[in-house]
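All remarks here apply to the structure that follows.
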Amino acid sequence: MSTQTTSPAERTALLPVIPPNVARATATAGGVLTAASAFLAWTWTSAFPGDLTISGYPGGLQVLTLVAGVLTALFGLASYGVRGTRWLAPAGANGPVLLLALGALGTTWYTLLAISAELGGLANWEPGAWFAAIASVLAVVGALGLPFDEKAAASLGAPAPGATPLQQAWHTVRLALAPRPLRAAKRVPAYQEILIIVGILGLGLLVFTYGIGTAYGELFVGFLILAAFGVAAASKAGLLARASEITSRYRGVTMAGAFVAAALFPFTQTDDQYATVGVNILIFATVALGLNIVVGLAGLLDLGYVAFLGVGAYAAALVSGATASSIGVHFPFWAAVLTGAVASMVFGVAIGAPTLRLRGDYLAIVTLGFGEIFRIAVNNMDGKSGPDVTNGSNGIPNIPDVNIFGLDLGATHDIGGFTLGRFANYYLLMLLITAIVVLVFSRSGDSRIGRAWVAIREDETAALAMGINGFKVKLIAFALGASLAGLAGTVQAHVQYTVVPDPYQFAGPVPPNSAFLLAAVVLGGMGTISGPLLGAALLYLIPYKLQFMQDYQLLLFGVALVVLMRLRPEGMIASRRQKLEFHEDDEELLGPDPVAATGTEDSVGLSKAGA
Amino acid sequence: MATDTKTTGDAAPAAKGTTLLEARGVTMRFGGLTAVNNVDLTVSSGEIVGLIGPNGAGKTTFFNCLTGLYIPTEGQVTYKGTVLPPKPFKVTAAGIARTFQNIRLFSNMTVLENVLVGRHTRTKEGLWSAILRGPGFHRAEAVSREKAMELLDFVGLADKAEHLSRNLPYGEQRKLEIARALASEPGLLLLDEPTAGMNPQETRATEELVFAIRDRGIAVLVIEHDMRFIFNLCDRVSVLVQGQKLVEGTSQVVQSDERVIAAYLGTPFEGEPGEAEAAEVEAAEAGAKEEGK
Ligand SMILES: Nc1ncnc2c1ncn2[C@@H]1O[C@H](COP(=O)(O)OP(=O)(O)O)[C@@H](O)[C@H]1O
Ligand SMILES: [Mg+2]
C-alpha cells in the first residue's frame, strides 16, 4: 500500500487497512488505557520532577496524560454518537479524536523520553511507563484508521489535477482533519448561553492559571503540547466556531466576563511568585495591543515602539518622588499616569510628524533609529556626558509604591480571606490599564477613524482620493499608539521599583522589546484584540519557563516565526478580514472559481501599475 | 457639511448649465514626456461629458491632475469658481469624486465599509468621539450606515453589504467603486473606464447607472473606449490624442470627424465606407482595450 498508487481521493482513511469499527474501538480504548496509565508508577526515583513513582494517583506530567487520554476517549464516544457526548463535536469527531490521540502521544512520549534522557536510559522506565507508551500509540493507530467524514470531504473537494505527491499527501491529511460544515446551532435560552460563556471563560482561566503555575520546564512543555493539540481539536470539532458564535452574540458580556476572569487570577494564587509573571505578561500584552493599532490597523511598521514604553516609564519615574529623580516632585498616581501618556504622545508626534508624510519603509527605519536613540540618550543623560536628567545607566531606583485613595499597593492586603501581595495589587491595577487599552482599541477601530486607518493600510492612494487626510489620520494612530504604550510604562515603572535604559532595546532575550512586541502582534494576529494578548502571553511564558534553552532562544524564535508565517500567515487568531485574505490559494489548489480568480489577478496586476 | 447632498441634489438641476469644473491650459510633463499638453475642459452641471482617445493619450493623467494626485506642471483647475487645492482629500471635500481605471477598492474591507470610507469627508467624528461614544457618535454612524446602504441599493449591491469587496466579481467591484465615490456626496463624478472588462449586458447596465447618477444632479466626466457607450451617453465628447485636445463637440460631430477616425485607426480610409469601416473601428477598439489591460 503506497501513497503514489492510491489517489488520495479514493482513500477512505489514513490507515485504511483497519476496519472502521475496529479503529473506532481501538482509538477509544486507547484513550481509556492512556488515561489509566497515569495512575501507575512510571519511574522508580523522584529525581525526575513531579514524582512519577506513585501508583494510585497521577503526579506532575501524568496529569496531562490523564487529561489527554480522557479527552480522546470522550471524543471517541462522541464519534460513536453516544448520547450526552455528541455536543462535543458538532463538526464531526474523527478529526478531533486523531488530534487528541496525537496530543496524548505527544505529552506521554515527551515525558517518557525526558525520563530516559534525564535519568539515563530506558532502564528507568517502570512497567507503567511501558504501558503508557503502548496505550498512547494504540490510540493513535486506532485514530488513523477512522474513516474520513464524507460531508467534510465533500466540502474540501478533490486536490487540483496537477498537484505534486507532496501536495496530495498534504491534502489527504487535511481530509482526515477537515471539519464538517456546521449546521445552525439550536438556540437555547439566553441565560444558558451566558452560562456557556461563563464556562468557557472559567476553562480559559483554568488553563491559563495552570500554564503560568507550571513549576518546572518539562511540565510547561507537556502543557504546551497538550494545549496546542487540544485547541486544534476543539477547532476541528467545531467547538471554537460554536463558542465564537455565542460570544459574538454577547460581546459586552464576554468582554466584561473576560476581565472578571482575569481579575480572579491573583485570587487563585497563594503567593506572589506568579502574580509577578502575570503583571509582566499584562504589561507586555497591553503594549502589544497598543502597537496593534499602529501596525495592525493603520499598517505603519514601527520598529522602535518599546521606546514609547520607556518614555512613559521614565516620565512616571521622574514625577513620582523617587530620590534619584532630577525633578523631585511627587505627583499622585493619576497625574503620573497622565504625565507618562502625554510625554509619550509628544514623542510620538515629534517622531511621526516629519516621517509620516513619507510612504513605505522610511517610517520603519526612522522608528528603528528613534528606539535606539532613546536608549542611548537616556544612558548618557547622567550629568557627565550630558545633562543630568535620567541618571544614566544606573537608572532611577526606589520609585515609591503607588498609593490610590490611601490604599498602598506596596503592602499586602486581605480581601475576603484571600491575601493579595504587592504584585497581585499591581496585577489588578495593570488589568485596569489593559481594559482601557482594549476599550480604546475596539472603539476606535470600529469608527470613522478606524475605517480610515484600515483604508490607508489597504490602499493609500485610493484612501486619499476618498477624502482621507492620510497624514493626519496616520499621525493620530501613531500618537494614540505611543500614548497607550506610555500608559503601560507608568505602571511598569512602579512595578519594577527601578527604571533603567537597557530593557528598552530593539531585540533582546527578555520581552518586552520592540522585536518581541512586533512578533506578539504578528504571531497573535494583526488587527485583532485577543491575538496580541495571546501572542504576548506565549512569548513571555516560553522563555520564562524554558530557561534551559536561553542560548538558542532567538534561533528557536526565528524558526517558529518562519514556520507559523508559512502555515498560518494571519497569525494564531485571524481577523475576519484576514481569514479570507490568506487562505485563497488553498482554494485555488482545489480548482479555483474562475470569476473570482480572474478578478483578483486583474486587480493585483493592475494595482501595481498605479493610478 | 452634512447637508451637502441636499444642496447639490436640489440646486444643481435648477442651475443647469452653470460651470462646475473648468480646467485651463493643464499641462503635465514627466521629465521629457509631455503626457498632457495645454488641455482646456469645462463641465457644467447636469452634463455627462466624455473623454476619449487612444491608449496613452493622457486621459488618466489628466484625471489625476484634476483630482490632486498629480500637481499639473502648468495650468489651473477651478471647481465652482474656486481654484482646487493640490491635495486629493481636499479635492474630494470640495465635491469631486472619482473611480480608478485599475479598480482600487479597499479589498479586505466589506462592501459596506468601503462605502462608509467614502463618507469620510462628510462626517467629522474624531478619535475622542469614537472612544467616548456619546449620542452624537451613534447618530452619525447610523446616518452614515443608512446613506451607505441607500447607495448600495442604488447600484444594486445591497444584498452583498457584508461581503469582502475582493470577493465580488469584476463588474460588481466597478459598481462598488462608483458607490464609494458617490458616498462623498460629489457634485462632479469622474469615471475612468467604468466598463473596462465588462460584458455587453453589464455595459448597458452601467449606462443606465450613469444616467441615474446624472438624474441625481451629479455631473459626470467619463473616460471610455467603448464608443457606443460614449456616444449613447454623452452630451459632449472631447478627444485627446497624444496629450492634446483634438476635437470637442456633440457625439455626431466627433463621430464624423476624420481626424478622430485617423487617430483611432492610424490611416484614414478612402472609398470604402459602410460596413467594412465599422467593423474595422470595432476591431481597433477591441485591440485598444486589450492593450489597456
Ligand atoms: N507617473 C508617471 N510617470 C511617467 N510617465 C507617466 C506617468 N503616468 C503616466 N505616464 C505616461 O503618460 C502617458 C499617458 O498615460 P495615461 O494618462 O495613463 O494614458 P491613458 O489613460 O490615456 O491611456 C503615457 O505615455 C504614460 O506612460
Ligand atoms: Mg487610462
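The shown structure was predicted, so the numbers you read here are calculated from the model rather than taken from an experiment. Order of the sequence lines sets the chain letters (A, B, ...), proteins ahead of strands, with each chain counted from 1.
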Worksheet item: Would Leu21(B) and Leu66(B) count as a side-chain contact (heavy atoms from CB on, under 4.5 Å) if you check the C-alpha gap in whole Å, the side-chain angles of each, and the deciding distance to 0.1 Å?
Response: CA-CA 9 Å; Leu21(B) 178 87; Leu66(B) 297 183; 3.9 Å; yes
Practice prompt. Kindly determine whether Phe259(A) and Val438(A) satisfy side-chain contact (heavy atoms from CB on, under 4.5 Å), including the steps that lead there.
Written response: CA-CA 10 Å; Phe259(A) 278 100; Val438(A) 167; 3.9 Å; yes
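Heavy atoms from other residues, nucleotides or ligands lying under 6.0 Å from CZ of Phe89(B) number more than 12.
Between Ile468(A) and Leu464(A), every side-chain heavy-atom pair lies at or beyond the 4.5 Å cut-off. Residues Lys474(A) and Leu300(A) form a side-chain contact, since some pair of their non-hydrogen atoms from C-beta on lies under 4.5 Å apart.
When Val473(A), Asp446(A), Ile449(A) are compared by the number of non-hydrogen pairs under 4.5 Å with chain B, Asp446(A) comes out ahead. Here Ser107(B) is the residue among Ala97(B), Gly68(B), Ser107(B) with the most heavy-atom pairs under 4.5 Å with chain A.
Between the side chains of Glu141(B) and Ser144(B), no donor N or O sits under 3.5 Å from an acceptor N or O. Asn114(B) and Arg451(A) share no side-chain donor-acceptor pair at under 3.5 Å.
Here the straight-line distance linking atom CD1 of Ile103(B) with atom CZ of Arg174(B) works out to 4.5 Å at 0.5 Å rounding. Atom CG in Asn102(B) sits 8.0 Å away from atom CG in Asp192(B) (nearest 0.5 Å).
Residue contact with chain A, scored on non-hydrogen atoms closer than 4.5 Å, involves the backbone and the side chain of Val117(B) alike. Both the backbone and the side chain of Thr123(B) come within less than 4.5 Å of a heavy atom of chain A. With a 4.5 Å cut-off on non-hydrogen atoms, Ile96(B) does not touch chain A at all.
For Phe30(B), the ring-ring contact (aromatic ring centres under 6.0 Å, His included) test picks out Tyr70(B), with sequence neighbours left out. Listed by chain and number, the residues in a side-chain hydrogen bond (donor to acceptor under 3.5 Å, both in side chains) with Arg249(A) are Glu193(A) (sequence neighbours excluded).
Applying side chain to side chain contact (heavy atoms under 4.5 Å, CB included) to Tyr79(B) and the options Val91(B), Val43(B), Leu84(B) leaves one that passes, Leu84(B).
Interface with chain A: from residues 133-140 of chain B, residues Arg133(B), Phe137(B) qualify, criterion being any non-hydrogen pair under 4.5 Å. At a heavy-atom separation below 4.5 angstrom, chain B is approached by Leu480(A) within residues 477-486 of chain A.
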